[in-house]
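Below, read A as the first sequence line, B as the second, and so on, with proteins coming before strands; counting in each chain starts at 1.
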2 protein chains.
Amino acid sequence: MDARAIRQSLEDSGLRCTAQRYAVMAFLVEHAGHPTAAEIFAAVNRVDPRSSRATTYNNLRDLVRAGLVREVAVEGRAARFDARGIRHHHFVCDRCGNVEDLEWYDVPRPASHSLGKRVLRECELIFRGLCSNCARRRAPRKAS
Amino acid sequence: MDARAIRQSLEDSGLRCTAQRYAVMAFLVEHAGHPTAAEIFAAVNRVDPRSSRATTYNNLRDLVRAGLVREVAVEGRAARFDARGIRHHHFVCDRCGNVEDLEWYDVPRPASHSLGKRVLRECELIFRGLCSNCARRRAPRKAS
DNA sequence: ATATTAGATTAGACGTATTCTAAACTCCGG
DNA sequence: CCGGAGTTTAGAATACGTCTAATCTAATAT
Ligand SMILES: [Mn+2]
Ligand SMILES: [Mn+2]
Ligand SMILES: [Zn+2]
Ligand SMILES: [Zn+2]
């Protein structure tokens with residue numbers, strides 16, 4: 001996704017393409033590592049122009065509303081964000097809290113009778129366990 | 001799950017069955033509505049003996065670690081908790097944030113090649129959309 | 001061009017959820 | 001009794017996010 005495409009997707013969503021908003025979106029497209037709002041704020045300000053914390057939060061809120069960005073709530077930690085590029089699932093590490101992308105595959109929807117009058121928008125599949133880093137540290141050596 | 005069973009499950013997990021800890025667990029078993037820590041704190045203190053806020057949080061942490069309680073992180077709101085009774089999925093309302101139980105069904109695991117060296121503990125399926133209450137308010141009347 | 005307007009940004013105060021701290025308490029085995 | 005691990009407590013402290021009110025910007029109307 002290049003600069004032009006980012007600009008376009010913002011405008012298609014009825015959002016002005018301001019320098020600050022563009023910077024947030026561009027950073028997320030660039031970095032697939034699920035940064036927190038604080039990390040995004042720091043990163044876009046390392047460059048230019050200085051953006052405020054409130055603006056970063058405002059823009060993240062707007063981008064999530066527009067469906068361009070996904071927010072991942074992790075228990076006990078700051079929310080994490082990613083650009084909704086190609087569909088994928090998430091793996092959350094029990095130990096370090098890292099969020100990693102996992103190849104997407106179709107998820108069976110719930111039976112409509114169990115859904116009742118609810119209106120379903122999306123099914124999110126989250127895997128939990130130990131990331132490869134933490135699995136290595138945790139696992140006892142086979143033979144010393 | 002009766003008093004005896006609760007006491008037993010705590011001890012099986014290596015946790016002393018204190019009045020405060022028991023009260024938290026009993027409240028969760030009793031109330032399937034996914035209360036927040038603050039709600040649990042208020043509820044167990046409405047009865048006896050007075051438990052502190054820190055203790056409520058400590059016990060929730062211990063119970064989650066022991067696998068007896070599940071924590072559900074909802075973006076922008078306080079965490080919610082439920083006793084892990086029979087397996088079920090969750091539906092989270094976009095509008096009011098309520099968490100509702102949904103009938104459980106098996107979820108296909110990811111291909112092992114996409115999992116890499118990660119150690120998978122569980123697959124969690126979360127549905128999002130509008131709960132029946134919010135769907136009613138939102139949807140335009142068909143004919144007045 | 002100038003006025004008007006809605007949208008966006010800003011710094012910092014604020015609020016809420018959660019964790020930390022350090023002292024006291026409880027239970028149990030020796 | 002005594003010692004130690006586990007637990008509880010009140011309140012301070014922190015983390016994260018939202019709000020306010022003033023200011024700025026960009027798009028449109030006159
Ligand atoms: Mn992702
Ligand atoms: Mn539940
Ligand atoms: Zn990890
Ligand atoms: Zn709702």
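Between B/H89 and B/W104, the two ring planes are parallel [angle under 30°; tilted spans 30° to 60°].
Comparing A/N58 and A/R53 by the nucleotide of DNA chain C whose heavy atom lies nearest to each, the residue mapping closer to the 5' end is A/N58.
Computed from coordinates, the B/R50 CZ to D/dA10 P distance equals 9 Å when rounded to whole Å. In this structure, A/R61 places its CZ atom 13 Å from P of D/dG17, rounding to the nearest Å.
Residues from residues 9-31 of chain A placing a heavy atom under 4.0 Å of any atom in DNA chain C, listed by number, are A/R16, A/T18, A/Q20, A/R21. Remark: A/A78, A/A79 in residues 62-84 of chain A come within less than 4.0 Å of DNA chain D through at least one heavy atom. Applying a 4.0 Å cut-off to non-hydrogen atoms, none of the residues of residues 35-44 of chain A approaches DNA chain C.
Both B/L10 and B/V29 are members of a single hydrophobic cluster when ILVMFWY side chains are connected at heavy-atom separations under 4.5 Å. Linking ILVMFWY side-chain heavy atoms closer than 4.5 Å, directly or via other members, places A/L68 and A/Y22 in a single hydrophobic cluster. There is no path of hydrophobic side-chain contacts, each under 4.5 Å, that joins A/F81 to A/V47.
Listed here is the closest heavy atom pair of A/A26 and A/I6: CA-CD1, 3.8 Å.
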What do the steps show when you test B/D82 against B/H88 for side chain to side chain contact (heavy atoms under 4.5 Å, CB included), and what is the final call? CA-CA 11 Å; B/D82 68 356; B/H88 61 272; 3.1 Å; yes
B/L15 and B/N59: CA distance, side-chain angles, deciding distance, side chain to side chain contact (heavy atoms under 4.5 Å, CB included) verdict: CA-CA 10 Å; B/L15 296 171; B/N59 283 328; over 6 Å; no
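Counting only residues at least two apart or on different chains, the salt bridge (charged side-chain N to carboxylate O under 4.0 Å, His left out) pairs with a member in residues 6-26 of chain A are A/R21-A/D62. Sorted by first and then second residue, the salt bridge (charged side-chain N to carboxylate O under 4.0 Å, His left out) pairs with a member in residues 95-108 of chain A read A/E100-B/R118; sequence neighbours excluded.
The 12-atom threshold is exceeded at CZ of A/R84, counting heavy atoms of other residues, nucleotides or ligands nearer than 6.0 Å.
The pair B/E122-B/R70 does not count as a salt bridge, with every side-chain nitrogen at least 4.0 angstrom from each carboxylate oxygen.
Side-chain contact check for B/M25 versus B/V69: some heavy-atom pair is nearer than 4.5 Å.
You can see that DNA chain C meets the heavy atoms of chain A within a 4.0 Å-exclusive cut from C/dA6 to C/dA13, reading 5' to 3'.
Note that the OH atom of A/Y105 and the CG atom of A/L125 stand 4.5 Å from one another [nearest 0.5 Å].
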